[in-house]
Structures are given as structure tokens and as C-alpha cells.
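Single-structure report; data block below.
Quick caveat, the model's predicted, so the values are computed rather than measured. When a ligand or atom number is given, it counts from 1 through the structure's own listing order.
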Amino acid sequence: MIGGFFEFHRTLEIKIASFFKKTSDCSTIFTTGYTANSATLLSLLQKEDIAIVDRAVHTSVFEGLMMTNVRMFVHNNIEHLERIIKEVKGKYRTIMVIVDGVYSQDGDISLLNEIETITHLHGAFLMVDDAHGVGILGKTGRGVLEKFDLFDKVDLLTGTFSKTFANIGGYVIANPEITSFLKFQSRQQIFSATASPASTGIIKAIELIDEEPEWQQKLLENVRYFKNGLLYLGLDVGTTASAIIPVKIGDPHITGDVGRELLEAEIYTNPILYPAVAKKDARIRMSLMATHTKSQLDKALNAFEHVNKKYKISELKRRHEKESTQR
Ligand SMILES: Cc1ncc(COP(=O)(O)O)c(C=O)c1O
């Protein structure tokens, strides 16, 4: 309404809507994926409503829930989700279930089929943040909606242009009523600057997903190769099923040291510590790219072999977990 709305904004909205098989009045763009989540939820859910969220959703979701009631369910635990829905049913104006498509720290995938069935069975709404699934999952890279064939069954899909699309920005895909509501009610939409002309690059990035599908295959091949290499070294990559690869260590100090040593060996990774994950769950997290070459992946695996020998990471994780449980 105030920040500016030009031809390229409209083109981008139409492009991302049609990417998810929706009409042109079903998308809103935001300046980041973080704002897409937080602003949407802040404007939709009030004190009469309630959000039921998977404990592991992205922090931007939690920020969006400051004005509403919140219950959390154990990660990907369908029975727990259903129990909470039944408890709160009839007590609030709106119940919204919120999950990630792919979880950002473990790289594992939401049990979306079951979650969708239960959510709609009880008349609740479903919001999915698929920041890490789009471009990677699904036959043509449409993410979890395509993987589980749920194009028409998710009420709000949010995402980012900062990962697969290699730019900055976020989006929300919803029905025309919600879309229009967000454009005129979301304060972060109205009172903040809009995406700059540099975001026109995203339009081409979206087209490239269909024009050059070989990159998705190359990425999946890299994921397979790298994950197998880490497993061969005896490292714990958890339940990842995406391009996010964690190497679980446990001890936060050793995780910091390992991150530093990897950087010295020219391997850039993210050491992830509390509060991003539980105290006993420190890990090195990596995001693979389609453009990583085999020799780059081998270089990273060699560096992991070295730090594993030095810090005995494979044994350490088990010991740290045991000690934390005893404490
Ligand atoms: C699951 C998830 N949602 C949203 C975001 C925020 O996206 P952006 O970086 O575009 O703000 C991230 C960022 O890492 C994320 O992992």
C-alpha cells in the first residue's frame, strides 16, 4: 500500500503462484522468508485463536505467534498433535496447525499426509513453511506439496527466495481472501520497503527449475554421495532426507572447535549450538549445493576424517547423550 508496488513485483507474484499451480491472486511477496512467516501469523492470529505448532518449526513462526495462544506438539508426533487439537476444539475462533516441510536443523521431512488429514478432519487450518523443500523435493521441485500431492490441501504455504532461488525475499501462497487480507492488514507489508529491482533475478530462477531440471538431480546425487561418505566415517547424520546435512556431535565446545578446524581446512560449515538446538544436540550443519563438485565433497570428507580422528566425534556423541541423560 505504501512501500511501492511495481510491474516486477506483480510479475514475481504471478510467477510464484503459478509455480505452485495457483491463480495470480493467490500470492503475496515479502522482503524475507522470516517476515513472510512472522507477518502473516501476526496479522491472522489474535487472542481468540490458537496455533498448534511442531516444536521444531523455524523461529520466525514463533515470532509470529506473539499475539495468539500457542500449543506445541512433539516433533512429527501425530498422536500428540491430535490430542491437542481435540483438547482445544470448540474453545477458539480459529485453530491453525503449523509445520515446516523440511526441518531446518535436522533436514528431516514433515509427516504431511497424516498431519493434513488430522488437521482438516477437525476443521483446523494448515500452514506449511517449505523453505528447505522447494527446488529439492518432488518430481519437478515443487517441494512437499508435490511430494505428498497436497497442492489443494494446504491452506497457507510460506517460503523463501533465499535458498533454492539464490536471492532474498519470501512469499505466501493462500486463497484470494487471505492473500488480499495480508496485503491490506499486514503491517510489515504496508509500512516497510518492498523488494528492490534486484529481485527480478528470482523470476528467472523460478523458470530455471523447469528449464534445467538436471540441477535438482545433481543436487540429489551430491547429497547421496556426501551422506554416504559421512556415514562411512561412522558419523551421525540423524534423520536428514534433504540437502541439509547435520553431523551430530553433542558437546557444544567440541562442536565449536570442529567448526574452526573445518574452516581452517577451507570448509565452511555452521556450528549449531543451544538455543538453536537442545544443549545435548550441538552439531555441525551443512547445506549442499548442486554446483559442489566431487572433488570439493571429497575435500570436505577428508577434513571430516581428520577431525573425527582428532576429536573422536563418532564415540563422543554417544557418551555426551548418556551423560546428559544421567544429569
Ligand atoms: C524453515 C525456515 N523458514 C524461514 C526461514 C527464513 O528465511 P529467510 O532467510 O528468507 O528470512 C529460514 C531461514 O533459514 C528457514 O530455515
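- Remark: minimum distance from atom 16 (O) of ligand 1 to any protein heavy atom is reached at His132 NE2, 2.6 Å.
- For atom 9 (O) of ligand 1, the candidate residues are Ala36, Ser287, Ser162; the nearest heavy-atom contact is made by Ser162.
- By the neighbour-count criterion of 12 heavy atoms within 6.0 Å, atom OH of Tyr274 is sparsely surrounded, having that number or fewer from other residues, nucleotides or ligands.
- Residue Lys22 qualifies as enclosed at atom NZ: its count of foreign heavy atoms under 6.0 Å is above 12.
- When only interatomic distances are considered, the shortest N/O to N/O separation between Phe161 and ligand 1 does not fall below 3.5 Å.
- Residue Tyr34 has at least one N or O atom closer than 3.5 Å to an N or O atom of ligand 1.
- The pair Asp106-Arg283 meets the salt-bridge criterion, with a side-chain N (NZ, NE, NH1 or NH2) lying under 4.0 Å from an Asp/Glu carboxylate O.
- Annotation: cation-pi pair Arg142/Phe19 present, NZ/CZ under 6.0 Å from the ring centroid and within 45° of its normal.
- Short contacts between ligand 1 and Asp100, defined as distances under 4.0 Å to a heavy atom of the residue, involve ligand atoms 1 (C).
- Salt-bridge check for Glu207 with Lys204: passed, with a basic side-chain N closer than 4.0 Å to an acidic carboxylate O.
- Summarising the local packing, CZ of Phe6 is surrounded by 12 or fewer heavy atoms from other residues, nucleotides or ligands at distances under 6.0 Å.
- Here the protein heavy atom with the shortest distance to atom 10 (O) of ligand 1 is Thr160 OG1, 2.6 Å.
- Protein heavy atom closest to atom 13 (C) of ligand 1, with residue, atom name and distance, is Lys163 NZ, 3.2 Å.
- Here the protein heavy atom with the shortest distance to atom 8 (P) of ligand 1 is Gly33 N, 3.5 Å.
- The residue among Thr59, Asp129, Thr158 with a heavy atom at the shortest distance from atom 3 (N) of ligand 1 is Asp129.
- At most 12 heavy atoms of other shown residues, nucleotides or ligands fall within 6.0 angstrom of atom CD in Glu7.
- Regarding atom 5 (C) of ligand 1, its nearest protein heavy-atom neighbour is His58 CE1, 3.5 Å.
- Shown in contact with Thr32 at under 4.0 Å from a heavy atom are these atoms of ligand 1, numbered in order with element: 10 (O), 11 (O).
- At distances below 3.5 Å, at least one donor-acceptor pair connects side-chain atoms of Asn308 with backbone N or O atoms of Ser314.
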